[in-house]
Structure formats: C-alpha cells, structure tokens
Amino acid sequence: MTEAATKSVSNSHKTSYDYIIVGGGSAGCVLANRLSEDAHSQVLLLEAGGNGRSLFVDMPTAFAIPMASKVFNWGYYSEPESSLDGRAMDAARGRGLGGSSAINGMVYVRGHARDFDEWESVGATGWNYQNCLPYFQRAETWMHGGDDYRGGNGPLGTSNGNNRKNPIYQAFIDAGEQAGYGLTDDYNGYRQEGFGPMHMTVQDGVRASTRRAYLEPARSRANLTIITGAEVDRLVVTEGIASAVVFTRHGVEQRVTARREIILSAGSIGSPSILQRSGIGPASVLQQAGVRQVHELAGVGENLTDHLEVYFQYRCRQPVTLNGHLSPLAKLKIGAQWLLTKTGLGASNHFESCGFIRTRAGLEWPDIQYHFLPGAIRYDGKAAFDGHGFQVHVGPNKPESRGHVRIKSADPQQAPAIVFNYLATEKDREDWRICLRLTREILCQPALDEYRGDEIQPAVDLSDDDAVDAWVRANVETAYHPSCSCRMGALDDDLAVVDPDCRVRGLGGLRVVDSSVFPQIPNGNLNAPTIMVAERAAALIRGETMQTSVAPTWIADDWQTKQRVGDAVRPLNDDLLRSAP
C-alpha cells in the first residue's frame, strides 16, 4: 500500500510513536513492558479485543469458559483437512489483552534444549539453547526459586500446582517409570525426558496471563499508550520502510506512524494475515485476494505447523477423580473457595503430572508429550461419561506436515484460509501408530491397576494400522499450537520471512515477534517459548548486550540404539495391542 491508498482518518490520540506493537497477546504484552522501560521511548500497543479481564480468565480451573467465548477467542477454523476425513478443525486464538495466554490451559513447557539448537541449525543464528535460556529465566519467577535453569525474579509466575495430594497423579508418574522411562524433577530444567510433575503459569492461585504479569505493572508509565478495540487493517510502506499502521476503532479508520519500528505480534494467524493485507507476501496469494503487491516475500503465511493430540480415557475404579466435582453445587463450592482464598480445585488447571518420551531409538530428544488429567472431561468442562474416569492427552510433537495461512480478500473482517495439512506425510501417521501403542503400554502398568477400569477410548486394535489411522483421523484434536508461519531464517532461505533479529526481510522499520517466527515447532506447549522470544527480541531491539548460559542439559547416552531404558527395552505385548485389559 502507498500513502495515496489510505483513506481519510480521524484520531483522538497522538499520531506518532517510537514503537507501535500490533497485538496485545503473549508476545505483545512482553514487548510493551520491556520497550517502555526506556522512559525516552514512546510505545503504542494496539489490541483488537478488549481489556482481557474476567473472573473466568483469572480462575485457572475455568479456562474452558473464555476459550469458548467470542469475546476472548477469534473463533478461527481451518479449511476442511483432507487427511482428517474433511474435518474443519478448531483454531482458537486469544482475543483481548493477554491474547492466548488468557484462554490457554496454562501449561508451562519451554521445549527441549535441542529444539533451540535446531532453530540455529536451520538458519536462526544466535537462537541456540545457551542463548535462549537466560531469557526464559528473565521472564520467570519459579515458585521454588531461581537456579541455573529457572528464574527467580521475572514477571511470569510459574508453579507445579496445588493438588498433587491426589494419588492418581503420582500413579501416572510411577507407571511411566515402570514402563521403562526415567523420572525428571524438572522438565524445564536440566532434564526434559521422563515423567514428573507438570508446571503451570499460575501464581498465588491466579492465572498468570501476560496481561497480568507484564502489562498491568507497566500501565502507569506515561510513555506507554494502550488502545483496545483497534482492529488493524494494514501497514503503510513508504519507500521500503514500514511507516504507519491503519486500524479501525468504533467504526472510524485511523492511522498512527512509527518513528522507529512497527512490531507485529498478532500471532501465527494474525501476523501473516496483516502482512498479506499490506501487500507483503507471495505474489499469487496477493493477486487472488485483490491486494496490490508492495513487497514479495514468498514465505509469508507458509510453513504453518501445529500439534495434534488425542485423549486416552479410562473408567476409574476409585472415587478420586474430578468427575466427582462436576455437579452445579460442587462447582459453586469450588468457585466460592477460590473467590475467598484463591485456593482449592479452582486454583489449578489440573494437569499436574506429565511425561516426555521418544517414539523410537535414534531420536536425540523426546517427541511425545503427555498431559495427565485425573478426570474424564471434555474441553467444554462437562463429563465425558457417567461415573469416575481419568484421561491422558498425548500426541507426537515433531510433525513433518506443513500448511499455510492465506487471506481471501483485503477485508480484515474476512477470516483467512487456514490449512494445516495435518497427517499429510507417512512419517506423521506412523508416529501416531507408535504413540498410541506406547501410551497403552504405559497406562497398563501395575501402578495404575487399582484405578484403571475399562478403556473408553481408543478401545481399538492397535496392532491394526488401518484401524489406528481411521480412529486418529476421526478423533484427533488440535493442541492449539499454530506456529512457524513467518519463520525466522538465513538470507539464502527463500521461505524465511524474518532474519535472526526478527526484522522482516527486505523492508525497514518492521519486525515480527510472536510464535509465527519459530523456525521449527518445539517439543512442548508454545506459550513459554513465545514469551522467551519476546523477551530476547526486546533485548535485541533495545541494543542490549545479549546474555548466554553454560548450563548443561541431559541427553540419554543410548539414544541412538535404545528408546526405553534398562530391562524394559522389549517388544510391546501383542495381546496388549489388540485390547486393553
């Protein structure tokens, strides 16, 4: 777009700032805080949604409510996915201050150390683990205090839950050990691989969204302006420099200019869409959408990646699960306790134990992740069946399949075409077959015998590849981890959108800082690495001396030849594959 292409505008606020941040989500709130620490910099944060405040956002156990709300969720869906029987998949993204950190499950997983070494190996120079670790630490206040891996003085409160007294959490960890996998006291520290307690972005019983952790402490700064309800249409590019942002608020189009930089932090769906509406992207996509090209950049919107998951669900033989707390009266009691004391079941996301394992020998680091839930509960918060039950969320975390985000028109009110191409490769399908077989073996260990009743799902013959594939196609769900759609890379990478300083290639005054710049999807949930990227990008923007660490990390000595350890390295039991006991 050119200056002449903009419409008349009306403004009731300043029209020029040093930095304009587009998107007040997980990354945008971090940037707003860190860039406004410099009192000489005028910072504007634009957010399409509202203020992000709600009782149901703050209460950890209520996260299904804001996720289902049009107020807090953009409501995106994918196009019909050809490898999932034509299913259109939910692609929920946070809307409002805090973004997806206000509607997610609050699971805090940084990813494996080698994920970030992998980023550097594919062209993201400087983004190896030793360089990223200090920015994970800078972000965090870990409930047990800082050390060589964890932060002790950062804005983001992290904890390991408050309900580990439920014995079934430990039973799951013990089952993982009995199946031949190791234990880890801190999967975000020295060792990720193994089974142990899971961590969450909950502090003092309240969700630690980036709005609460980063933005609220910075609100009173005179040099920080926050505008909500600002739906960004496009960027203005003048002589190769991104100079202004055009947005609509209360039905009036407005424009603000940047003296230094514009930073897109609208997420893996929003950021590529805004770039494309601004005429920045693949020529064919822009032409089909009726947008005049300003700068060709073939990778904008490409390389979209996501994690999938399924639930293994079992009936529970003992009345110790969350299914005993789902009646209206029980929920009222939970809510009242949380309102008064910020304690009890309301203060947890209930994912309080977990595991990370490898699908096969020859993998240097894990590619399967487990979230254990002591209840059989749907995402809408309702029981999956009558009676007590438990479930494990599981899926392979290093998919090959790649998709895209492509605008359909220049109208910002029209959602883009989102295609993930889930399960498009044979490796991805084979990873799922292995994943389900290993999971049933773990869940059938003696540690769970006193709790495990009938297997509700998958309840299929896991030795039959066709049956497994069909069940996965019909039942798999997104883990809500879209990423990599404006990926970071080297100058000779034609599909790289940003350089290792997060600057958009070929343009001045413009960066992208959010999960869209991930070169590869990490082994874990995305909120923690998104916050880290924003912390490190803010340091780059401010010209700080970049920090590094020398802390070692654990890799299995026998990863090239063994998957499990000790005498548990054995073929899976054929009878167990055909049917669960």
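Checking Gln178 against Asp174 by side-chain atom types alone, no donor-acceptor pair falls below 3.5 Å.
Without hydrogens or angle criteria, Thr184 side chain to Arg191 main chain gives a donor-acceptor distance under 3.5 Å.
Under the ring pair (Phe, Tyr, Trp, His ring centres under 6.0 Å) criterion, Phe195 pairs with Phe172, Tyr181, Tyr370, not counting sequence neighbours. Under the ring pair (Phe, Tyr, Trp, His ring centres under 6.0 Å) criterion, Phe420 pairs with Tyr422, not counting sequence neighbours. In terms of the ring pair (Phe, Tyr, Trp, His ring centres under 6.0 Å) criterion, residue partners of Phe116 (sequence neighbours excluded) are, by chain and number, Trp119, Phe136. Among residues two or more places apart in sequence or in another chain, the side-chain hydrogen bond (donor to acceptor under 3.5 Å, both in side chains) test is passed with Ser26 by Asn527. Taking the ring pair (Phe, Tyr, Trp, His ring centres under 6.0 Å) definition, one finds that His199 meets it with Trp142, Tyr187, sequence neighbours left out. With sequence neighbours left out, the side-chain contact (heavy atoms from CB on, under 4.5 Å) criterion links Asp147 to Tyr149, Arg150. With sequence neighbours excluded, the residues that form a side-chain hydrogen bond (donor to acceptor under 3.5 Å, both in side chains) with Asp469 are Arg433. Applying the side-chain hydrogen bond (donor to acceptor under 3.5 Å, both in side chains) criterion to His325, with sequence neighbours excluded, gives no partner residue. With sequence neighbours excluded, no residue forms a side-chain hydrogen bond (donor to acceptor under 3.5 Å, both in side chains) with Gln137.
Within the structure, the salt bridge (charged side-chain N to carboxylate O under 4.0 Å, His left out) test picks out the following pairs touching residues 64-82 (sequence neighbours left out): Glu79-Lys408. Among residues at least two apart or in separate chains, side-chain hydrogen bond (donor to acceptor under 3.5 Å, both in side chains) pairs with a member in residues 91-106 are Arg93-Ser100, Arg95-Glu231, Ser101-Thr210, Asn104-Arg207. Pairs engaging residues 314-330 under the salt bridge (charged side-chain N to carboxylate O under 4.0 Å, His left out) rule: none recorded [sequence neighbours left out].
Contact detail for Glu118 and Ser121: the closest heavy-atom pair is O-OG, 2.7 Å. The heavy-atom pair separating Gly111 from Pro522 by the smallest distance is CA-CB, 4.5 Å. Here the closest heavy-atom approach between residue Val468 and residue Asp461 is recorded as CG2-O, 4.0 Å. Of all the heavy atoms in Pro366 and His112, the pair that sits closest is CD-CD2, 3.6 Å.
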Task: Residue pair Phe372, Phe390: steps toward the side-chain contact (heavy atoms from CB on, under 4.5 Å) verdict - done: CA-CA 8 Å; Phe372 180 79; Phe390 62 86; 3.7 Å; yes
